[in-house]
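Data first, discussion second: the structure below is written as structure tokens.
Below, each value reflects all heavy atoms present in this structure, side chains not excepted, and no hydrogens, waters or symmetry copies.
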Amino acid sequence: MNITYDDEHRIFRLEAGGMCYCMGLTGEEGILTHLYFGPAIGTEDIAYLSRAAEYPGIQGPEDRDRAGFLDALPAEMPGYGTGDFRSPAVIVRDGRGQCTVHPVYEGHRITDGKPVLSGLPATFAGEQEAKTLEITLTDPSAGVRLVLSYSVFDDLPVVTRSVVFINDSPEELTLTRLFSCSVDMDLTDARMLTLNGAWGREKKMQISPVVIGQQSVSSLRGVSSHQAHPFLGLLAPGASQDAGEVYGFSLVYSGNFLAQVERNANDLLRVQLGIHPLGFSCRVAPGECFTAPEAVMIYSDRGLTGMTHTCHALCREHLIRSRYLHRKRPVLINNWEATFFDFDLEKLLKIARRAKKEGLELLVMDDGWFGKRDDDNSSLGDWVVNEKKLPGGLKRLSDELAAIGMKFGIWVEPEMVSPDSDLYRAHPDWAFSVDGRTPCRARNQYVLDLTRKEVRDAIFDQLCAVLDSADIAYVKWDMNRALTDVASHGEGGENGGLFHRFILGTYDLQERLLARYPDLLLENCSSGGGRFDMGMLFYSPQIWTSDDTDAIERLAIQEGTALLYPLSTMGAHISVSPSQAVGRLVPMTTRGHVALAGTFGYELDIDHLPEADAALIPGQVALYHRFNDLIREGDYYRIFSAQEEQYHDSYIVVEKDRSRALMTWVQVLARPAARSVRVRIPGLDPDGKYRIGIADPAVRNDDGSGNFLHEGEVHAMRAFLDRPVSGRTLAGAGILIPVLRGDFRSMLLEFVREQA
Ligand code: GLA
């Protein structure tokens with residue numbers, strides 16, 4: 001990695017991992033211009049890429065007729081109201097309502113390492129692992145100064161950027177927009193990739209043409225949301241899964257966001273990500289500053305796979321701080337889908353005893369253990385154990401679990417309050433609400449005003465009392481509604497930036513929690529994957545991926561999530577069949593194979609499971625122990641996507657040294673009169689010889705689960721099973737997987753490289 005400034009041609013050059021990102025200073029005033037983002041190039045003068053010399057160019061500062069010029073210039077921090085009529089990256093208003101801003105170069109510095117972003121999640125790096133370029137821009141007439149920070153890491157083809165706004169004027173200024181990145185790319189006929197969904201079906205991949213005008217995905221819900229994701233990809237013409245140029249833009253943020261691409265008449269694309277300007281404004285006093293969250297920009301010349309691998313590496317090496325990141329997580333059993341609110345000490349212990357017998361390690365007690373909560377109508381905010389359900393409190397439960405040999409985890413939802421709670425009765429003003437209007441309930445609850453320190457302190461104290469009362473190894477931190485009626489009753493509370501300050505409040509609480517309980521395994525959740533983003537991964541090494549635990553639905557959800565995030569971050573549990581989400585019948589082995597691609601656990605009543613299913617649990621747990629190191633740390637490749645092709649879904653995880661790999665094959669639907677499917681195996685060592693075996697012995701036993709691999713099916717794979725085949729042949733010629741009899745069938749194939 002390297003960052004240089006070419007003084008003669010006024011070009012900044014950021015290089016890492018075969019990627020290069022260049023900016024220039026255009027005109028005498030020094031407008032920061034985007035020049036290039038792509039594969040490594042030489043050090044020649046490429047300032048011509050700004051096209052500043054072409055009509056309607058400018059010659060000098062006297063040349064005031066420059067509206068057309070600015071509107072065509074590829075800018076890096078476009079202002080507002082001075083001639084660039086595309087989407088601005090910054091808008092600021094003074095006391096008289098004036099809001100033009102035109103930032104130009106003032107200075108820069110290049111340093112080792114990467115400074116932290118105070119109060120915000122962000123990528124991190126040691127002194128030797130990263131370099132940072134800070135460019136200061138200024139607009140004296142608006143009284144605005146901006147510090148843009150760009151970092152590059154080791155050998156990753158990534159640039160991160162964040163922006164600090166400083167009020168340099170003698171009066172208060174109101175910031176109404178500050179995007180984290182803004183890149184003007186010369187990329188014709190690109191396609192845009194986004195992750196969209198809904199509750200229970202998060203992160204479906206959508207690819208659409210980029211047409212003239214503006215296209216965006218966004219959230220105004222106060223969370224990054226199930227519906228949209230703070231990510232935008234651009235696929236150059238011809239880009240595919242494994243080849244071609246792909247650009248990925250992500251925001252390390254969990255609140256309201258906008259990710260937008262604007263294509264102008266000259267096919268220049270402006271890509272912008274940042275806090276959504278709607279509902280955002282921030283009053284900044286003279287000399288004070290405001291920091292926008294960090295954006296991540298990835299370049300891949302190996303299609304989507306390259307982008308995925310870079311993003312996984314960035315998350316693992318520079319984003320997730322947890323000490324559990326590289327550790328096998330305990331196999332858990334969560335009682336939510338087993339009991340919902342209807343549980344007590346005995347029920348939990350019964351589940352725990354059986355779970356222990358089957359090899360499980362951690363019992364997670366979900367919603368309903370506190371206040372008087374027997375349904376979702378009450379008690380959020382009263383984080384005091386319900387002794388009617390749990391006599392002796394959490395201490396007794398955790399002691400009994402310890403005696404059984406199980407660890408203990410609990411569920412909390414600290415950002416919320418039920419109208420029927422002691423907390424709300426004592427402090428109705430601690431919930432967001434607008435004077436004169438009854439706030440809207442969602443799941444019968446209100447949102448706490450976490451912008452107020454006294455509210456955060458009170459919640460934090462309650463959490464500490466809970467965590468200090470027993471031996472609690474794990475916390476599931478939930479957040480089950482979108483924000484509405486966002487107005488604060490706090491002293492001098494300014495309402496413009498509340499959505500942003502709310503998420504800062506959440507970050508602050510999680511930061512304090514982890515500082516005080518560094519050994520805690522934290523799993524974030526927001527009605528499933530409603531807040532599964534880079535921001536939350538800074539705090540927790542795993543996030544509950546979706547409330548939909550049906551294995552077939554999960555294929556698409558986990559595929560979309562794994563497009564950006566390592567498999568080690570995805571909460572994935574085996575639940576009952578027919579599934580509670582969609583009523584689908586799926587064999588237990590298939591459910592197990594799909595859940596292996598995540599943190600792995602169970603979410604069912606282990607005591608009331610059909611015996612044939614229960615009998616498979618020890619084998620599933622053994623598979624987890626055998627393969628989790630590989631799945632957690634290896635390189636993930638998509639092979640087939642049931643989203644694109646309804647019959648199959650397949651992916652492989654390859655050990656970093658390519659000595660071993662595990663391929664998951666799911667036949668979603670069977671087909672009559674179909675021939676076998678040719679599958680080319682990516683990622684293996686071309687010169688290595690691999691022995692391929694069926695990894696899960698359970699599918700070889702006819703136990704009535706419906707996923708029995710018949711002798712004929714095994715026979716059809718004899719050409720490659722249990723005999724050495726080179727990685728080169730596997731990548732080129734591939735293997736043939738026969739059509740299996742029945743829907744929702746699956747198998748795991750293990751590839752083991754033979755010693756040379
Ligand atoms: C959310 C979570 C579930 C469960 C319930 C409890 O929906 O996503 O996993 O914890 O809340 O109320």
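- For the ring pair (Phe, Tyr, Trp, His ring centres under 6.0 Å) test with Tyr507, the passing option among Trp477, Phe538, Tyr539 is Tyr539; the others fail.
- No side-chain donor-acceptor contact under 3.5 Å links Tyr647 and Gln667.
- Classified by interplanar angle (parallel below 30°, tilted 30° to 60°, perpendicular above 60°), the ring pair Tyr651/Tyr636 is tilted.
- Of the N and O atoms on the side chains of Asn524 and Gln510, at least one donor lies less than 3.5 Å from an acceptor on the other residue.
- No side-chain donor-acceptor contact under 3.5 Å links Glu523 and Ser540.
- Ring geometry, Phe153 versus His318: the interplanar angle falls from 30° to 60°, so the pair is classed tilted.
- Of the N and O atoms on the side chains of Asp548 and Ser546, not one donor lies less than 3.5 Å from an acceptor on the other residue.
- Heavy-atom neighbours of Arg678 CZ from other residues, nucleotides or ligands within 6.0 Å: above the threshold of 12.
- Side-chain contact between Ile574 and Met588 is present, with at least one heavy-atom pair separated by less than 4.5 Å.
- For CZ of Arg741, the number of neighbouring non-hydrogen atoms (other residues, nucleotides, ligands) closer than 6.0 Å is 12 at most.
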Open item on the list: With side chain to side chain donor-acceptor pair (under 3.5 Å) as the criterion, how do Asn334 and Asp366 come out once you've worked through the C-alpha distance, each side chain's angles and the decisive distance to 0.1 Å?
Closed with: CA-CA 7 Å; Asn334 177 307; Asp366 211 279; 2.9 Å; yes
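- Smallest separation of non-hydrogen atoms from Ala695 and Glu750: CB-CB, 4.0 Å.
- For Phe340, the ring-ring contact (aromatic ring centres under 6.0 Å, His included) test picks out Trp336, with sequence neighbours left out.
- Side chains of Tyr602 and Gln620: a donor-acceptor N/O pair is present below 3.5 angstrom, by distance only.
- Side-chain atoms of His593 and Ser746 form a donor-acceptor pair, as typed in the model, at a separation below 3.5 Å.
- The stretch residues 561-570 participates, sequence neighbours left out, in these side chain to side chain donor-acceptor pair (under 3.5 Å) pairs: His229-Tyr565.
- For Val252 against Pro121, the heavy-atom pair with the smallest separation is CG1-O, 3.6 Å.
- For Arg632, the salt bridge (Lys or Arg N to Asp or Glu O under 4.0 Å) test picks out Asp629, with sequence neighbours left out.
- Donor-acceptor pairing under 3.5 Å is recorded for the side chains of Gln643 and Glu559.
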